[in-house]
Amino acid sequence: MRVEILGCSGGIGGNGMRTTSLLVDDDILVDAGTGVGDLPLQRLAGIDHVFITHAHLDHIACLPLMVDSVGDMRRTPITVHATGETLEIIRRHIFNWHIWPDFSQIPTPQAPFLRFTTIELGQPVQLGQRSITPLPAMHTVPAVGYHLHDHDSGASLAFSGDTTTCEPLWEAVNAIDDLRYLIIEAAFADCERDLALLSKHLCPSLLHAELEKLHSRPEVLVTHAKPSQLAQITQEIATGAGAHQPRMLAPGTVLQF
């Protein structure tokens with residue numbers, strides 16, 4: 001399995017600042033933040049599945065534009081996978097004919113550009129020799145992370161999505177065999193710890209405490225830093241690194257397992 005980081009920032013602002021999106025092989029997206037917009041048209045047209053962690057704009061911004069751009073280039077609909085709660089938000093507030101057309105109904109309901117499918121926590125979606133399983137997360141809206149597993153290699157990657165402290169997440173992550181990578185967020189610097197707690201994100205001190213619950217030793221990569229606090233977050237992550245030695249994730253990184 002090949003995972004290319006299209007975006008891993010908590011905001012925009014040039015210098016590679018793109019919001020969350022992971023391209024799995026060439027046909028799957030995990031989230032559809034602004035990093036998706038850097039892909040050329042032909043690569044966009046090759047994306048068959050989009051797995052959404054939650055409905056916040058920085059994780060779905062490019063989804064409506066992508067469907068509109070490549071729908072007529074494809075023979076089958078793009079499938080959006082998300083929990084029922086997240087799909088309800090996206091359908092009601094994005095694909096509602098007011099903000100954007102409902103591409104699950106056009107060009108025709110029988111042959112749409114987009115279709116939605118509901119996922120359940122802990123239930124894997126099998127795509128060839130790959131499985132993608134929703135993981136627990138705790139955020140201000142219904143949210144999940146994802147466990148990506150390659151059945152050929154037996155290796156896995158876990159992605160927290162946006163989350164604060166979440167005991168069920170660690171129970172699920174600790175049950176994963178051969179966990180090669182853990183991508184986890186730290187949105188705010190420690191000076192904004194109260195804001196991180198209020199908005200149900202992590203900051204470096206919270207992240208370091210959370211990582212003490214991790215039993216295995218994957219490579220830990222930190223995502224979702226606010227652009228204006230990136231330097232401070234990077235320093236604080238390095239200063240309190242601990243046994244897991246987390247480091248900041250960079251756009252363009254390719255992870256293979």
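Listed for the Thr253 side chain is a donor-acceptor partner under 3.5 Å among the backbone atoms of Ala250. Formation of a donor-acceptor pair under 3.5 Å by the Trp100 side chain with backbone atoms of Pro64 is found in this model.
When side chains are defined from C-beta on, Phe113 counts as touching Pro107, because their heavy atoms get closer than 4.5 Å. With a 4.5 Å cut-off on side-chain heavy atoms, Leu6 and Arg18 do not count as touching.
Leu23 and Leu255 are assigned to two separate hydrophobic clusters, defined by single-linkage of ILVMFWY side chains at heavy-atom distances under 4.5 Å. In terms of hydrophobic clustering, with Ile, Leu, Val, Met, Phe, Trp and Tyr side chains grouped at heavy-atom distances under 4.5 Å, Val30 and Ile184 are assigned to different clusters.
Considering Ile78, Val67, Leu29, Val36 in turn, Val36 is the only one that fulfils the side-chain contact (heavy atoms from CB on, under 4.5 Å) rule with Leu44.
Asn15 CG: 12 or fewer foreign heavy atoms inside a 6.0 Å radius. Dense packing is recorded around CE of Met17, with more than 12 heavy atoms of other residues, nucleotides or ligands lying under 6.0 Å away. Atom CG of Asp177 has 12 or fewer neighbouring heavy atoms from other residues, nucleotides or ligands inside a 6.0 Å radius.
The nearest pair of heavy atoms linking Ala172 to Leu135 is CB-CD2, 3.8 Å.
Aromatic ring orientation, His56 versus His139: perpendicular (interplanar angle above 60°, classes split at 30° and 60°). Relative ring orientation between His54 and His59 is described as tilted, the plane-to-plane angle lying within the 30° to 60° band.
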side-chain hydrogen bond (donor to acceptor under 3.5 Å, both in side chains) assessment of Ser156 paired with His149: CA-CA 4 Å; Ser156 292; His149 179 68; 2.9 Å; yes

Could you give me the CA-CA distance, side-chain angles and deciding distance for Phe159 and Asp31, then say whether side-chain contact (heavy atoms from CB on, under 4.5 Å) is met? CA-CA 11 Å; Phe159 173 47; Asp31 282 340; 4.0 Å; yes

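Residues His93 and His98 place their aromatic rings such that the two centres sit no closer than 6.0 Å.
For the residue pair Arg180 and Ser153, no side-chain donor N or O sits within less than 3.5 Å of a side-chain acceptor on the partner.
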